Amino acid sequence: MRTVVRAALGEALSALRSEGVALPENPEIGLERPRLAEHGDLATNVAMTLSKAAAMKPRDLAEKIVAALNRRAAEGDSPIAAAELAGPGFINLKLRVGAFHAVIDEVLTKGAAFGQHPPRDTDARVLVEFVSANPTGPLHLGHARGTVVGDALVRVLRAAGHAVSTEYYINDRGAQVLKLGLSVRARATGGAVPDGGYGGAYVTEVAEWMKQHHPERLASDDDLALARVAGERIMEGVRETLGKLGVSFDRFVSERALTEEEGKLELAMARLEAAGLIESRDGALFFKSKGKGDDKDRVLKKSAEHGGDWTYFATDIAYHVDKHTRGFTHLIDVWGADHHGYVPRVRGALESLGYPKGAFEVLLLQLVKLIKDGQEVKFSKRAGNFVTIEDVLEEIDEATGVPGAGRDALRLLMLIRSHDSSLELDIDVAKKQSNDNPVFYAQMTHARMCSIARRVEESAEMAEARARGVLSVPARFDAALAARLTLPEELDILALCDSFPGLVVEAAASRAPHRVAFFVLELAQAFASYFTRMQKVHNEPILPQKSYRDAHPDWVATWDWEKTRARLLWLSAVRQVYANALALLGISAPERMHRDAPDEAPEAAPELAPEAPQG
RNA sequence: GCGCCCGUAGCUCAAUUGGAUAGAGCAUCAGACUACGGAUCUGGAGGUUAGAGGUUCGAGUCCUCUCGGGCGCGCCA
């Protein structure tokens, strides 16, 4: 639809150019769907964006474009039926139905690639770093948002044609991992847990595992070596959890290997030193970040009395410098909003080293509140009473009886909010097998779409129609068949589908995967509404219902099968777009829902009407 | 105290990045419906976009201030 309309607009513009209007060769043509029906099917603001180049007032230019479009429309071979000047220079377009039907053609031709854009014509390489949780404990709910949003962002960026790699940075050196090692040792040997050490059941598990598989580590007094093995054990669990969430990384980067074995830390520090950005003070080394977006200088290397070690900040600079060194031109980090204070110093360091402004970008995610039984669940990591992602996944899988339900639920619920809005995750809603649960609603919609086609191809009552060759799902686009699609609901949904590829680009540009989630729910709702209205308002179900078949003994002969096939054609396109959108979120699109879930909860047992009439 | 984010319908949140009359889902009210996949569909009511000023053809969106909430302000990571 947009494709053919853009072509028509481009043609009108070049016609004007040949008449002497100063217009650029291949201008961007912005098209949007007006909110109000009387503003047409599509609207463009080209007259406003090109008015400067043409040295004309927006409305005057718009008038010329409108005239050109209407001239063409009168000749009868344009997708545009009528154009109208509106407001400050908008051009409202009324389209022929064929323009809507073209969406079906495009979707079925592109299939799973509808919404995917070709690689961008640039050398830009993007690296998205996300999760990067310390290997000091299992992933908990606080990590879930960054994990899911980061992963969905990557999918969206790739769909928009960006070259993207992903990395998980493992902070496997430094004080925190050492504390983990000491906590494990304490648990294994019955000693006291160190100050600020880790509690929680998982520490006990690691301690038990250590006794079994690495008793020599416990016997040795090399705390660093012990901590390292414990950290690796934790990371195994983290990777498993990521797998269950459907998240994979191109690379896991070890802070220890990067800095200690590969020497990247010295390299980065030498560059800072050479640039005169390091200052020695109070026995420590400082990065002169003050005035570079930060409000004070920051320690790179601690003084002897604080252990003399490099700080996390120093190694993080090394990591980010290394990202650039490896050829990535644009770095995106996904962090929790509680780290926002850390952004200026990293940015300051990278810009001081000459990397372009804007090459380092941080997506900050607001916090997640877990709601259970209508109450907020508070948790603290140190005390160990946090909710792990594993627990949540398991709880939802069990409650629904559907393996993978937890992953889909967690993913959609994390993606249904903008990144800078805090998020309430109601675990009780996530477990529901009803339409109050957006996850269930979203997936059921896809299952319903599939069930129609299944009915056509498999059901016993349609056997005779199949046998007579009047009923089948069209294999490819057929303009004559599509011409039977004239209901406003059908055309509206095609218009919505048509907006999907553009939406992907916008979602990528604004780092907003949640917009894809909203698209899914909007399409689901539009479909549900259409589906019901077909029966209740238009009295035109896609397939002949029992009532029709009973009333018409010769229903196979009297039914309008071509209209049915037109709708099946329509449906296969809509389903494709819907499935593509779900795939972009990493959420499965089931062909059928499990039916064995309990229909009614025990507490929903019918009660006697309080005022039942007596006799 | 300073910095960052947020404040939109009773609740949870959107808003095509500065565009036309601010929209959905729950909740509520009124109808229709007994099902081509499950309480579904249609419509109503609900708003000075926290408040005040400013920028311009045009502001929920940008700037300043006030109020309220969250987070951060370590030689932790």
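These figures come from a predicted structure and were not determined experimentally. Chain identifiers are assigned alphabetically (A, B, ...) following the order of the sequence lines, protein sequences preceding nucleic acid strands; residue numbering begins at 1 within each chain.
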- Task: Spell out, as yes or no, whether a donor-acceptor pair under 3.5 Å connects the side chain of A:D297 to the backbone of A:S289.
- Result: yes
- Item | Whether over 12 other heavy atoms sit under 6.0 Å from A:K290 NZ | no
- Message: For A:F360, is there any backbone N or O sitting under 3.5 Å from a side-chain donor or acceptor partner on A:R347?
- Response: yes
- Item | Aromatic plane relationship, A:Y578 with A:H446 - under 30° parallel, 30 to 60° tilted, over 60° perpendicular | parallel
- Item | Among B:C76, B:G37, B:C41, the nucleotide that comes nearest once only the side chain of A:K302 is considered | B:C76
- Message: Donor-acceptor pair, distance only, cut-off 3.5 Å: does the side chain of A:R454 make one with the backbone of A:E591?
- Response: yes
- Item | Closest to side chain of A:R417, choosing from B:A24, B:U12, B:C73 | B:U12
- Note on the structure: Atom CG of A:D295 and atom C1' of B:C4 are separated, to the nearest Å, by 11 Å
- Query: Is the number of heavy atoms from other residues, nucleotides or ligands under 6.0 Å of A:R228 CZ greater than 12?
  - Reply: no
- Message: Checking the side chain of A:R6 only, and the main-chain atoms of A:I29 only, is there a donor and an acceptor separated by less than 3.5 Å?
- Response: yes
- Query: Taking the side chain of A:M444 as its heavy atoms from C-beta onward, which of B:G38, B:C13, B:C75 lies nearest to it?
  - Reply: B:G38
- Which part of the nucleic acid, if any, lies within contact of A:Q525, taking any heavy atom under 4.0 Å across all strands shown: a base, the sugar-phosphate backbone alone, or nothing? sugar-phosphate
- Query: What nucleotide, of B:G70, B:A24, B:A77, holds the atom closest to the side chain of A:L367?
  - Reply: B:G70
- Is there a Watson-Crick or G-U wobble partner for B:A52 with both distances under 3.5 Å, and if so, which one is it? B:U64
- Task: Identify the nucleotide, in any strand shown, that forms a Watson-Crick or G-U wobble pair with B:C76, with both distances under 3.5 Å; if there is none, say none.
- Result: none
- Message: Return a single string for nucleotides 26-31 of chain B, one symbol per nucleotide in 5' to 3' order, where B is base contact, S is sugar-phosphate-only contact and - is none, cutoff 4.0 angstrom on heavy atoms.
- Response: ------
- Query: A:Y342 near the nucleic acid: base, sugar-phosphate alone, or nothing, with a heavy-atom cut-off under 4.0 Å?
  - Reply: base
Between protein and nucleotides 6-9 of chain B, what N or O pairs are separated by less than 3.5 Å?
| residue | atom | partner | partner atom | Å |
| --- | --- | --- | --- | --- |
| B:C6 | OP1 | A:D420 | OD2 | 3.3 |

- Against the side chain of A:R448, the closest entry in B:G38, B:U17, B:G25 is B:G38
- Note on the structure: Regarding the side chain of A:E424, the nearest nucleotide among B:C13, B:A15, B:C75 is B:C13
- Across all strands shown, which nucleotide pairs with B:C71 by Watson-Crick or G-U wobble geometry, both distances under 3.5 Å? B:G3
- Message: How many whole angstroms separate atom CZ of A:F519 from atom P of B:C13?
- Response: 24 Å
- Query: Of the nucleotides B:G38, B:A15, B:C75, which has the atom closest to the A:M593 side chain?
  - Reply: B:G38
- Rounded to the nearest Å, what distance is computed from the CG atom of residue A:L412 to the C1' atom of nucleotide B:C13? 13 Å
- A:F527 and A:F531 aromatic ring geometry - parallel, tilted or perpendicular at 30°/60° bounds: parallel
- Is B:U17 in the syn or the anti form, by the rule that syn lies within 90° of 0? syn
- Item | Short side-chain to backbone donor-acceptor contact, A:T311 and A:K301, under 3.5 Å | no
- Give the rounded distance in Å between these two atoms: NZ of A:K546 and P of B:A35. 10 Å
- Query: Now, which nucleotide makes the Watson-Crick or G-U wobble pair with B:A22, with each of the two distances under 3.5 Å?
  - Reply: none
- Does the base of B:G37 carry an N or O that pairs as donor and acceptor with the side chain of A:R454 under 3.5 Å? yes
- Select one nucleotide: of B:U16, B:U42, B:U40, the one nearest the side-chain heavy atoms of A:T532. B:U40
- Message: Would you measure the distance from the P atom in B:A22 across to the matching atom in B:U48 and give it in whole Å?
- Response: 13 Å
- For A:E506 and A:R298, take the nucleotide of RNA chain B holding the closest heavy atom to each; which residue's nucleotide lies nearer the 5' end? A:E506
- Query: Under 3.5 Å, is there an N or O donor on one side and an acceptor on the other linking the side chain of A:S510 and the base of B:U17?
  - Reply: yes
- Task: Test the A:R281-A:F286 pair against the cation-pi criterion, namely NZ or CZ under 6.0 angstrom from the six-membered ring centroid and within 45° of the ring axis.
- Result: yes
- Closer to the 5' end of RNA chain B via nearest nucleotide, is it A:H306 or A:R455? A:R455
- Query: What is the distance from NE2 of A:H419 to P of B:C13, rounded to the nearest Å?
  - Reply: 15 Å
- Could you measure between the two P atoms, the one in B:G47 and the one in B:U8, and give it in whole Å? 14 Å
- Query: What nucleic acid atoms does A:A284 come within less than 4.0 Å of, heavy atoms only: base, sugar-phosphate, or nothing?
  - Reply: base
- With both distances kept under 3.5 Å, what pairs with B:G31, Watson-Crick or G-U wobble? B:C41
- Query: Are the side chain of A:R549 and the backbone of A:W555 linked by a donor-acceptor contact shorter than 3.5 Å?
  - Reply: no
- Across all strands, who's sitting opposite B:A15 as a Watson-Crick or G-U wobble pair, both distances under 3.5 Å? none
- Message: So, OP1 or OP2 of B:G38: does either fall under 4.0 Å of a side-chain N or O from A:S434?
- Response: no
- Message: I'd like to know if the side chain of A:N437 reaches the main chain of A:V439, judged simply by a donor and an acceptor atom lying under 3.5 Å from each other, with no hydrogens or angles considered.
- Response: yes
Under 3.5 Å, which protein N or O atoms sit close to an N or O of nucleotides 18-23 of chain B? Give each pair with its distance.
| residue | atom | partner | partner atom | Å |
| --- | --- | --- | --- | --- |
| B:A20 | OP2 | A:R35 | NH1 | 3.3 |
| B:A20 | OP2 | A:R35 | NH2 | 3.1 |
| B:A20 | N6 | A:N92 | OD1 | 3.1 |
| B:A20 | N1 | A:N92 | OD1 | 3.3 |
| B:A20 | N1 | A:N92 | ND2 | 3.4 |
| B:U21 | O4 | A:E38 | OE2 | 3.3 |

- Send over the distance from A:R345 CZ to B:G72 P, rounded to a whole Å. 13 Å
- Query: Do any side-chain nitrogens or oxygens of A:S529 fall under 4.0 Å of OP1 or OP2 in B:U42?
  - Reply: yes
- Query: Are OP1 or OP2 of B:G74 and a side-chain N or O of A:K296 less than 4.0 angstrom apart?
  - Reply: yes
- B:A14 phosphate, OP1 or OP2, under 4.0 Å from A:S418 side-chain N/O: yes
- Message: Whether the A:T564 and A:W559 side chains hold a donor-acceptor pair (N or O, under 3.5 Å, no angle test) is what I'd like checked.
- Response: yes
- Query: Are the side chain of A:S421 and the backbone N or O of A:R417 linked by a donor-acceptor pair below 3.5 Å?
  - Reply: no
- Here the distance between atom P of B:A39 and atom NZ of A:K432, to the nearest Å, is 13 Å
- Message: At less than 3.5 Å, do the side-chain atoms of A:H340 and the base atoms of B:G3 form a donor-acceptor pair?
- Response: yes
- Query: Separation of A:F527 atom CZ from B:U40 atom C1', in whole Å?
  - Reply: 13 Å
- Closest nucleotide among B:A15, B:C71, B:C75 to the A:D338 side chain: B:C71
- Query: Counting distance only, does the side-chain N/O of A:R145 pair as donor-acceptor with the main-chain N or O of A:V368 below 3.5 Å?
  - Reply: no
